[in-house]
Amino acid sequence: DPSDRRAGKPRSSGMTMVIDKGLGALAFADLLAASGDSIDFVKFGFGTSTLYPMPVLRDKIALAQKHGIAVFPGGTLLEAAVRLDVERDFWNVVLELGFDGVEISDGTIELSRRKRDNLIREATQRGLRAFTEYGKKTPGSRIVLDDLRRTIDADCACGAELVTVEARESGVGVGLYDEKGSCREDELRLLQQAVPEANRLMWEAPQKDQQVALLTILGPEANLGNIAPQEVMSLEAMRRGLRSDTFSLHRVVSHYMI
Amino acid sequence: DPSDRRAGKPRSSGMTMVIDKGLGALAFADLLAASGDSIDFVKFGFGTSTLYPMPVLRDKIALAQKHGIAVFPGGTLLEAAVRLDVERDFWNVVLELGFDGVEISDGTIELSRRKRDNLIREATQRGLRAFTEYGKKTPGSRIVLDDLRRTIDADCACGAELVTVEARESGVGVGLYDEKGSCREDELRLLQQAVPEANRLMWEAPQKDQQVALLTILGPEANLGNIAPQEVMSLEAMRRGLRSDTFSLHRVVSHYMI
Amino acid sequence: DPSDRRAGKPRSSGMTMVIDKGLGALAFADLLAASGDSIDFVKFGFGTSTLYPMPVLRDKIALAQKHGIAVFPGGTLLEAAVRLDVERDFWNVVLELGFDGVEISDGTIELSRRKRDNLIREATQRGLRAFTEYGKKTPGSRIVLDDLRRTIDADCACGAELVTVEARESGVGVGLYDEKGSCREDELRLLQQAVPEANRLMWEAPQKDQQVALLTILGPEANLGNIAPQEVMSLEAMRRGLRSDTFSLHRVVSHYMI
């Protein structure tokens, strides 16, 4: 029964995006060999892409692609390029290094709607996949439903594939999560109703309790991002009803083993 | 002076059980090469055993055994098998993969005493080591002294080797630990008096302050479980009085080095 | 423009000290290959140096040195040797293993000023670099400005290279940080005025928010210690204005990439 199983890659739902804060080449290869099937995207967090020795960076990108995983630099890098007016260099290097896509965000800088449109179009015209991000990194910033709704529509109209909802690497005090990192579940339910096309959204959810809340409310096929490398297997276990927190989500666990 | 040293493996006290949430084969080999002497058991957390590519899983199991470490899948996996009524498949696969034992728990499901007895006996009859677990994963669940006492007696009568006291991977709000993860030290002292056979018990203690409390009250030879891989060396240093938190536990540190 | 770039190694400011709680040899090599340029020192935390199999320990030390990184055992190890009156053995083993230096601290034991002087001199006379530590590990212990001032002067007069300000591995409830781990920013500003020779100081700052506070107040060239291996790249990104938290510190990001 196919409903008992997770879809294979490429998937359009139930996607997992890992945030990589600087794994070495061996650790990265080891992660993919063990749990590459559970990973759809790897984001090289913030501006860390610029800090690797070139061969290490190239190896990581190539290896991810061999596992059917798309890689892109963190939105902060493009924000820095915009702020410093070196966008042309940014695009050239991203293409030259072989990244699959870019993250277009305004977590820290101001970005006009027009500028945002242009960046999304520029990415797709250059053959890059465009992932956009909704939300500010400022502590206390919240999701404004109408604003999110409009952003999704406008971003996708320009060619964006997926809109990620900002939660930072910490998952604390931003967007869906309060200052203790707890998920505002009522707000999530409202968002769920207002944005029925769940496949367009990816929720940053670095903390386990946030993952549990999202999978419980949105279902095991919610797209989750900013997952720490060491939590990939644990999240996959939750998606499949193989961890007690999400036991009730599935009647049947994978037939692979039991 | 043998009292100055930690016993070598196999040990019957001072045992350390690591919870592995999905380490790759390289990371696992690297961990064992550096600190395998400090590890007695590795539990493949929750249902993660089902998520590895087969060769990776087999490599990990074989390697652990080469280091004199017993491996078993997390109790959640057997709970899932019981709930879904696929126990026979469970036993077959566990044996076929070469696991040393199983964890028999009722953290999430209801398990009658009779059923629990049968599972323990089934394990031992199949040549597997039976580790049982006491406690629920429900937030706020507490240890009931008489109940623990009876469970230990009954489990061991059926062939269980060790009874683990549940604390989840987080160590928060369950059993011995309050909602902040602090150890209820008075309760621990009562438990210590009521259950003198310390070697029968293993305490899940994922957080450092929990490990300090247990080693301080029960002594450096307490059996501790759900230790994160990256904390094994630190725990071993504490057992030997080589970290300031447990400085007073030992007069003499290892002669190996100083 | 050289001000746009981080200085190469060896550096006299902007130094990063990693606390290694027991990495395997592979993980260590992998870390250095990816981010060795961002690491100036590695401390083998607490007494973990005594717990490795000899070949693993020797490999790690030699590899760090090949990357221009100085290695030393945690201060706890020398404190244990002092307490147990086995200092001579300590020095012999440290030299024999090839450590570059030692950390001289009194986080847990009492050490007279005279004894401290002697230990620093002993280290330098034996050809070891002397790193000292200021502060107690006792919860609630605080920095006393005059005391720190005098300690720096006296330590350096005896040959100490750098004085580290204690914050433990956790960064909670000790020295500069309150019981929640928040940086006492007013106190830090006072310290900055009272101790103008910033290059003499290294601040233990295990938590990200602590790193942000220190880099923001003291500048991106502050020396930071007790950095977890997995946070090295993230800290380096912050030093270069490549993470949103420190965006305003730099106008120009590395030219390496964009």
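All chains are named by letter (A, B, ...) in the order of the sequence lines, taking the proteins before the strands, and each is independently numbered beginning at 1.
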Participant: Decide, yes or no, whether a salt bridge links Lys136(B) with Glu110(B) under the criterion of side-chain N to carboxylate O below 4.0 Å.
Facilitator: yes

Participant: In terms of heavy-atom proximity below 4.5 Å to chain B, should Gln230(A) be classed as side chain, backbone, both, or neither?
Facilitator: backbone

Participant: Report the C-alpha distance between Arg142(A) and Glu187(A) in whole Å, list the side-chain angles of each, state the deciding distance to 0.1 Å, and finish with yes or no for salt bridge (charged side-chain N to carboxylate O under 4.0 Å, His left out).
Facilitator: CA-CA 10 Å; Arg142(A) 298 286 292 267; Glu187(A) 186 168 324; 2.9 Å; yes

Participant: How long is the straight-line distance from CD of Glu133(B) back to CG of Asp106(B), given to the nearest 0.5 Å?
Facilitator: 8.5 Å

Participant: Is it the side chain or the backbone of Leu26(A) that comes within 4.5 Å of chain B heavy atoms, both, or neither?
Facilitator: both

Participant: Below 4.5 Å from any heavy atom of chain A, which atoms of Arg168(B) appear? Answer side chain, backbone, both or neither.
Facilitator: side chain

Participant: Heavy-atom distances under 4.5 Å only: say whether Lys21(B) touches chain A with side chain, backbone, both or neither.
Facilitator: both

Participant: Under 3.5 Å, is there a donor-acceptor pair linking the side chains of Thr16(A) and Arg239(A)?
Facilitator: yes

